[in-house]
Amino acid sequence: MQKYLFIDRDGTILQSPPPGGQIDSFEKLHFYPHVITWLGKIARELPFKLVMVTNQNGLNSPMYPTELFYPTQNFMLEVLKNEDILFSDIIIDESLPEENSPLRKPRTGRMTKYLTDETADIKNSFVIGDRLTDVQFAKNMGCNAIFINPENLRGQTELTDSIEELKTNWIKAATHNWQDIYEFLSSQ
Ligand SMILES: [Mg+2]
């Protein structure tokens with residue numbers, strides 16, 4: 001059975017853009033501290049496949065054309081690949097929160113191939129993300145959540161469960177740093 005890490009991008013691998021903004025230029029591209037070191041160890045040492053799952057609000061619209069997204073996205077992937085951090089899949093949703101798309105995280109419309117794959121060990125897989133919507137996504141997937149930057153309360157509008165329910169039952173680790181995530185996952 002294959003275990004997965006479903007990893008958010010902004011605020012998790014990269015530092016968050018300002019509220020309402022996007023990482024649409026190299027000036028806004030900053031890696032989360034020490035992510036390369038510890039995600040590299042996770043990728044090299046632990047039996048998880050890595051899948052990036054990211055909401056990019058309004059991507060491929062005049063406000064956020066793909067030409068502003070892919071230069072930094074591709075640079076990030078190249079930096080990570082040089083440290084053996086390879087994603088077996090990259091899932092990008094381009095909708096806006098108010099559209100309530102079934103394909104948008106925390107909903108699981110784009111995850112059917114994993115949820116129906118009998119060789120996928122979803123129960124022992126993890127979502128890693130910096131918002132409660134990532135925790136909600138983990139619950140909706142039927143896996144557990146690792147919450148990075150757990151004081152972050154942005155993005156609550158898309159929750160269907162209470163914060164208490166999500167925190168109590170679905171967050172298995174909460175931390176500000178990737179070393180803790182490596183150590184937690186090593187013990188699984
Ligand atoms: Mg995020």
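On a predicted model such as this, the values are computed, not experimentally measured, just so you know. Just follow the structure's listing: the first ligand is 1, and inside any ligand the first atom is 1.
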**Q** Have a look at Asp8 and say which of its N, O or S atoms is nearest the Mg ion (ligand 1).
**A** OD2
**Q** Given Glu158 and Lys105, is the salt bridge (charged side-chain N to carboxylate O under 4.0 Å, His left out) satisfied, shown in steps?
**A** CA-CA 9 Å; Glu158 294 179 274; Lys105 201 170 52 169; over 6 Å; no
**Q** Using atom types as modelled and distance alone, determine if a side-chain donor or acceptor of Asn82 lies under 3.5 Å from a backbone N or O of Val79.
**A** no
**Q** Regarding Lys3 and the six-membered ring of Phe48, is the cationic atom NZ or CZ under 6.0 Å from the ring centre and inside 45° of its axis?
**A** yes
**Q** So, of the N/O/S atoms that Asp10 has, which is the nearest one to the Mg ion (ligand 1)?
**A** O
**Q** Is there a donor-acceptor pair closer than 3.5 Å between any side-chain N or O of Arg104 and the backbone N or O of Ser95?
**A** yes
**Q** Which atom, among the N/O/S set of Asp130, is closest to the Mg ion (ligand 1)?
**A** OD1
